Number of protein chains: 2
Amino acid sequence: MGFSGKGAVAKSPARKPRGEGHTRREEILAAAKALFLEEGVKATTIRRIAERVGVSAPALYLYFKDKDEILLALCDRIFAILLQRLEEIERLPLPACERLRRMGEAYIRFGLEHPDEYRIIFLESPTPEAVRYTGHRTDTSDLERPGAKGAMAFTKITQAYEAIAKEGIVLPYPPALCAELSWMACHGLVAALIAEPDFPWSDRETLIRGMVEASVRGVVPALGQATSA
Amino acid sequence: MGFSGKGAVAKSPARKPRGEGHTRREEILAAAKALFLEEGVKATTIRRIAERVGVSAPALYLYFKDKDEILLALCDRIFAILLQRLEEIERLPLPACERLRRMGEAYIRFGLEHPDEYRIIFLESPTPEAVRYTGHRTDTSDLERPGAKGAMAFTKITQAYEAIAKEGIVLPYPPALCAELSWMACHGLVAALIAEPDFPWSDRETLIRGMVEASVRGVVPALGQATSA
DNA sequence: TTCGTATGTTATCGTAGTTAAGTTAACGTC
DNA sequence: GACGTTAACTTAACTACGATAACATACGAA
């Protein structure tokens with residue numbers, strides 16, 4: 001073995017050059033995401049992630065404070081997709097209550113598409129400390145607070161209700177409370193289907209449409225029937 | 001120290017007489033429940049339970065297949081309370097939709113009273129095997145399947161909707177689907193408040209009443225306003 | 001050249017759930 | 001009243017986990 005150590009292994013360079021720590025950070029997140037998808041959240045352990053990256057387990061602690069932070073960073077990226085979808089709907093020229101329906105449906109479908117991430121953000125215990133802080137962070141784009149993007153998604157629904165109120169439709173409660181009720185209802189559907197996937201539920205599509213409708217009509221009694229065909 | 005071993009410790013007899021294993025089983029459940037209430041689910045470990053019972057940790061495996069089975073046995077007993085409450089409401093001479101409201105409210109309040117158990121039954125991952133079997137079981141009263149009592153609670157709501165249909169009120173969906181929607185909505189409220197207790201939600205009582213109302217009115221459009229004063 | 005620091009590693013700790021193997025005590029029976 | 005059986009336990013150990021401390025090394029800057 002003449003040379004330094006660049007032997008046969010091609011999986012990842014043995015050691016990162018000086019300023020390239022964030023590259024390793026990305027590798028860790030990618031490995032964690034792959035493990036997450038392939039083997040589930042249970043199998044996504046510090047050691048297994050490190051093994052897949054090709055690095056020792058404590059090395060992960062250079063880039064993340066603890067295991068939770070890795071998972072939360074993953075979830076935050078996934079939830080950015082949800083935010084994006086909701087913002088798209090926000091921009092559509094639609095009657096407010098129809099916009100609300102579409103948001104509800106998008107929310108539910110997103111949750112069912114990403115059950116593990118949804119579980120971590122909305123079903124798991126809250127992390128003890130409110131504010132987290134990453135030591136070696138180079139970018140401040142993601143992960144201000146755990147579940148921050150989840151909360152922002154919720155905010156979008158509140159704004160939709162405020163728009164409804166501005167349209168002159170009378171709400172029985174303040175917009176925030178309306179939003180909470182609507183969101184909780186949709187959240188309940190997602191949570192139930194995720195937590196109990198083998199239960200003999202009714203047809204999933206019917207449930208989604210029914211809940212979207214109910215979450216609007218249950219909160220806004222002024223709406224007699226559906227608006228769209 | 002003349003005698004065999006009945007020294008100073010009064011916490012529990014050192015060893016059970018021949019056929020009295022189930023007594024120890026009860027002690028384990030009692031200790032687990034106490035730990036559960038005092039220190040939370042996180043602190044309820046095999047070793048701590050065993051310590052409290054006054055027995056070695058592996059001794060618990062004489063009575064339970066694994067840790068999950070202990071927690072599920074606990075939860076099952078708690079959920080028996082919910083079933084009891086729902087059955088009481090079932091027996092009340094009330095219009096069906098009013099009975100539905102009361103059930104919803106009872107369900108929500110129960111969930112908020114027992115957040116840890118609720119979490120285990122309805123929010124945690126489903127256990128891989130569908131049917132569990134306890135080795136040394138002497139009674140077959142509880143724990144047929146994990147979460148069985150939770151499912152039974154759900155059945156009660158379905159029956160309430162069937163009663164509504166029998167009263168001549170037209171439902172937009174089959175009773176089972178109506179029940180699923182109603183239950184999921186209430187479930188969403190409980191799940192959200194349990195998982196995110198520090199979020200600045202609106203007033204809890206208002207949320208409960210609003211959700212009970214919405215879960216009925218959202219599903220049964222024939223109901224214009226609340227029935228009760 | 002030397003020093004500081006980013007980038008790691010190895011060794012280790014403490015805790016968890018769980019199992020294997022051995023021990024003790026109660027009981028029926030001859 | 002010794003004997004075998006077995007329920008009721010214990011001790012020791014295994015594997016796996018998250019996390020930390022202490023040590024190593026490469027590399028850019030002064």
Side-chain angles (χ1 to χ4, degrees), chain A residues 3-6 9 11-28 31-32 35 39-72 124-125 127-129 132 134-138, chain B residues 3-7 9 11-28 31-32 35 39-51 53-72 125 127-128 132 134-138:
Chain A
F3 287 151
S4 51
K6 201 162 172 294
V9 181
K11 40 192 325 185
S12 103
R15 189 199 191 94
K16 292 293 175 187
R18 204 52 185 277
E20 302 302 312
H22 56 92
T23 309
R24 186 52 46 95
R25 192 187 144 97
E26 291 307 310
E27 287 177 14
I28 292 170
L35 260 177
E39 325 241 5
V41 60
K42 181 78 172 295
T44 308
T45 70
I46 295 276
R47 285 172 164 87
R48 302 248 289 153
I49 298 170
E51 178 192 21
R52 194 172 274 232
V53 175
V55 92
S56 74
L60 303 204
Y61 289 87
L62 292 177
Y63 306 103
F64 300 93
K65 185 193 163 202
D66 54 17
K67 187 193 175 184
D68 282 349
E69 202 173 74
I70 300 179
L71 295 186
L72 284 174
E124 221 89 317
S125 300
T127 47
E129 334 96 271
R132 291 178 163 263
T134 311
H136 297 188
R137 271 250 300 294
T138 52
Chain B
F3 287 151
S4 49
K6 200 162 174 295
V9 181
K11 40 193 324 186
S12 99
R15 190 198 193 93
K16 292 294 173 185
R18 205 55 184 275
E20 302 302 313
H22 57 91
T23 310
R24 186 54 46 98
R25 192 186 144 97
E26 293 306 311
E27 288 177 15
I28 293 170
L35 260 177
E39 324 239 3
V41 60
K42 182 76 172 295
T44 308
T45 71
I46 294 277
R47 284 174 164 84
R48 301 249 290 151
I49 298 171
E51 177 192 21
V53 174
V55 94
S56 75
L60 303 203
Y61 288 87
L62 294 176
Y63 306 102
F64 300 94
K65 185 192 163 200
D66 54 19
K67 187 192 178 184
D68 282 348
E69 202 173 75
I70 300 179
L71 294 186
L72 284 173
S125 301
T127 47
R132 290 173 167 266
T134 312
H136 295 188
R137 273 249 299 295
T138 51

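As the structure is a prediction and not an experimental result, all values here were calculated from the model. Any value given below was found using the heavy atoms of this structure, including those in side chains, with hydrogens, waters and symmetry copies removed. The chains referred to below are lettered A, B, ... by the order of the sequence lines, with proteins before strands, and numbering in each begins at 1.
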Which nucleotide, [options], lies nearest any side-chain atom of [X]?
X: B:Arg47; options: C:dG17, C:dT19, D:dC9; value: C:dG17
X: A:Tyr63; options: D:dA8, D:dA12, C:dG8; value: C:dG8
X: A:Ser56; options: C:dG17, D:dA19, C:dT9; value: C:dT9
X: A:Lys67; options: C:dA11, C:dT18, D:dG18; value: D:dG18

Rounded interatomic separation in angstrom, taking [atom1] from [X] and [atom2] from [N]:
X: B:Ile70; N: C:dG17; atom1: CD1; atom2: P; value: 9 Å
X: A:His22; N: C:dG8; atom1: NE2; atom2: P; value: 12 Å
X: A:Asp68; N: D:dG18; atom1: CG; atom2: P; value: 10 Å
X: A:Ile49; N: D:dA16; atom1: CD1; atom2: P; value: 17 Å
X: B:Leu62; N: C:dT18; atom1: CG; atom2: P; value: 14 Å
X: B:Ile46; N: D:dC17; atom1: CD1; atom2: C1'; value: 16 Å

A:Thr44 and A:Ile70, any side-chain heavy atoms less than 4.5 Å apart: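 Not touching, per the 4.5 Å side-chain cut-off.
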
N/O donor-acceptor pair, side chain A:Arg24 with base C:dG8, under 3.5 angstrom: no

Check: B:Arg15 side chain, D:dA8 base, donor-acceptor under 3.5 Å: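 Yes.
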
Phosphate OP1/OP2 of C:dG8: any A:Tyr61 side-chain N/O under 4.0 Å: no

N-O pairing of B:Arg48 and B:Glu39 below 4.0 Å: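 A salt bridge links B:Arg48 with B:Glu39.
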
Main-chain N/O of B:Glu69 paired with B:Asp66 side-chain donor or acceptor, under 3.5 Å: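 Yes; at least one donor-acceptor contact below 3.5 Å.
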
